[in-house]
Amino acid sequence: MAWAVLFVAALVWEARGRPDSNGSAAPGPASGGGYLSIGDGSALEFEFPERSRGIMVISSRYPRGNGTGPELQPVLTVSSLDPEVLTIENVSAACCGAGAGGRARGSFVVSIRSGPAGLAPLRLRLLDRRRALIEERRDFRIKVSPPEGDGGGEGAARAGGLVRFSENPVLYLLLPLIFVNKCAFGCKVELEVLRGLVRHPHPVLLGILGQFMVMPLYGYLVARALTLPTALALGLVVTCSAPGGGGGYLYSLLLGGDVTLAISMTLVSTVAATGFMPLSSAFYGRLLGVHETLHVPFAKILVTLLFIAIPISAGVLIKCKLPGLSRGLLLLIKPFSFLLILGGLFLAYRMGASILADVRPPVVVAGVTVPLFGLLAGHVLASCLKLATPHRRTVSFEVGVQNSLLALAVLQLSFRRPQADFASQAPFIVALSGTSEMLVLVVGHLVYRRLYPSP
């Protein structure tokens, strides 16, 4: 109720005219125009704190006549044109006053609830007793802003959650492990397989088709089916548009795929992402009604390429020049890979804990299904071309495992902090659920191999 009182007081204050960036008052309707107004009608935009409840009072100068029954009273409907930012909970008639000629006029109390920061235009429709339209206004808007002093509160905590990720000691412990593990993967590369992929690149092309055509479409359809808010829907589509991450070849090793094919697909899809990610995000962003320009972090893509290519190339050289060291690295590759899965799961949780604090069930459902659908789609595509079983598994893993960190970078660079954090729930959920699901597959595969060893 404190916010209700504050917001009503704010409306009275704002009605004097809200200065714009140049210091002049925001334009408002003429004093004699229209029946509906907020305050004295001189302001069109009003501020309200994010994630709060309150009320606003809308005045009507429409004459009610001499009757007082509800059948003679005009009706006001109010809707928010951006329900993610502002939700209208209730509209009720408040009181009447004497207008010109002694005819009654009234006001309406509108209960509102704000979400993340943003600008929510309002649609006001005044109807007469026969529900015929008297007046419609779309020029009022509510600006939802972080509360004053939020720099040290929840917003700062969320921002700090992302910043402290790069300072997490677990990350520094994993970095040398990741480098050694990638060198070991380089020792698994078969040059003959690479030559075969140059002559018959069908698995690589299937991966591109699945990652940049099938997965974004699935993300869009799921977002529509679950009626996700626009920011979350875009976050899901961007995540589904991301290329395969390094986990693809890691799972290919642990689950009987083709490691050389997996590494090749990861490198090619990362390069292809420089073109496909902007196209996919722009296309589906337009369908979702998002007008912000999405920034694809090409520098991060280049760093990802180098971080994959350099240690793997070193591993190929070690295999050719130092076979003894190569055999030692191959002994470490599986235990290191298992540790990296656990470490990645831990870091993803620590990094996104604050952002996921208020996550909703539909987002969880969407995030859990994305990796599962990707695995299934990749397997179906590979089966259509009758690829060998290791190749089918590899294509399945590459389509089902997304580079969620790249999607996170796109969202954080493209939106303001509150909206970016809200949209970032999607890549975090996909990362956590994908890693957890693949970990279950790895453990199940190891148990099966132990119980039913191959002859």
Side-chain angles (χ1 to χ4, degrees), residues 194 197-223 230-231 233-249 260-310 312-313 370-371 373-374 377-378 381-382 384-385 394-415 420 423-424 426-427 430-431 434:
L194 286 177
L197 289 175
V198 173
R199 294 191 298 269
H200 304 287
H202 307 96
V204 178
L205 297 178
L206 278 181
I208 293 177
L209 174 65
Q211 288 167 332
F212 300 113
M213 301 293 179
V214 177
M215 292 304 295
L217 176 60
Y218 176 75
Y220 173 76
L221 294 177
V222 168
T230 302
L234 183 65
L236 186 66
V237 169
V238 170
T239 305
C240 292
S241 304
Y249 53 80
T260 304
L261 173 60
I263 292 172
S264 303
M265 291 180 69
T266 299
L267 290 171
V268 171
S269 68
T270 304
V271 174
T274 59
F276 281 107
M277 277 195 78
L279 289 175
S280 176
S281 300
F283 176 73
Y284 288 105
R286 182 173 294 273
L287 291 180
L288 292 168
V290 177
H291 304 292
E292 287 88 345
T293 301
L294 295 178
H295 300 277
V296 177
F298 294 103
K300 181 173 178 59
I301 293 176
L302 177 60
V303 170
T304 300
L305 278 172
L306 294 177
F307 194 61
I308 295 173
I310 291 175
I312 287 179
S313 299
V370 165
F373 176 82
L381 290 172
C384 290
L385 290 186
T394 301
V395 173
S396 178
F397 301 148
E398 288 295 319
V399 175
V401 177
Q402 312 298 321
N403 191 338
S404 297
L405 282 178
L406 185 57
L408 179 66
V410 171
L411 297 172
Q412 292 291 324
L413 290 172
S414 301
F415 300 100
S424 296
V430 170

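Given the structure is predicted, the values throughout are model-derived calculations rather than measurements.
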Listed partners of L217 passing side-chain contact (heavy atoms from CB on, under 4.5 Å), at least two apart: L221, Y284
With sequence neighbours excluded, residues passing side-chain contact (heavy atoms from CB on, under 4.5 Å) with T394: S252, D258, L261, A262, M265, E398
side-chain hydrogen bond (donor to acceptor under 3.5 Å, both in side chains) against Y218, all qualifying residues, sequence neighbours excluded: T369
Under the side-chain contact (heavy atoms from CB on, under 4.5 Å) test, residues paired with A223 that sit two or more places apart: L228, A233, L236
S280 side-chain N/O to M277 backbone N/O, donor-acceptor pair under 3.5 Å: no
Verdict with supporting geometry, L381 and L209, side chain to side chain contact (heavy atoms under 4.5 Å, CB included): CA-CA 9 Å; L381 290 172; L209 174 65; 4.2 Å; yes
Main-chain N/O of A309 paired to S313 side chain as donor or acceptor, under 3.5 Å: yes
Test item: I208 and F276 side chains (from C-beta on) under 4.5 Å apart, heavy atoms: yes
P427 versus G235, closest heavy-atom pair with distance: CD-O, 4.2 Å
side-chain hydrogen bond (donor to acceptor under 3.5 Å, both in side chains) involving S264 - partner list, sequence neighbours excluded: none
Closest non-hydrogen atom pair between A426 and T239, with its separation: C-OG1, 4.1 Å
Approximate separation, where rounding is to 0.5 Å, of I263 CD1 and L197 CG: 11.0 Å
Non-neighbouring partners of T274 that pass side-chain contact (heavy atoms from CB on, under 4.5 Å), sequence neighbours left out: F298, I301
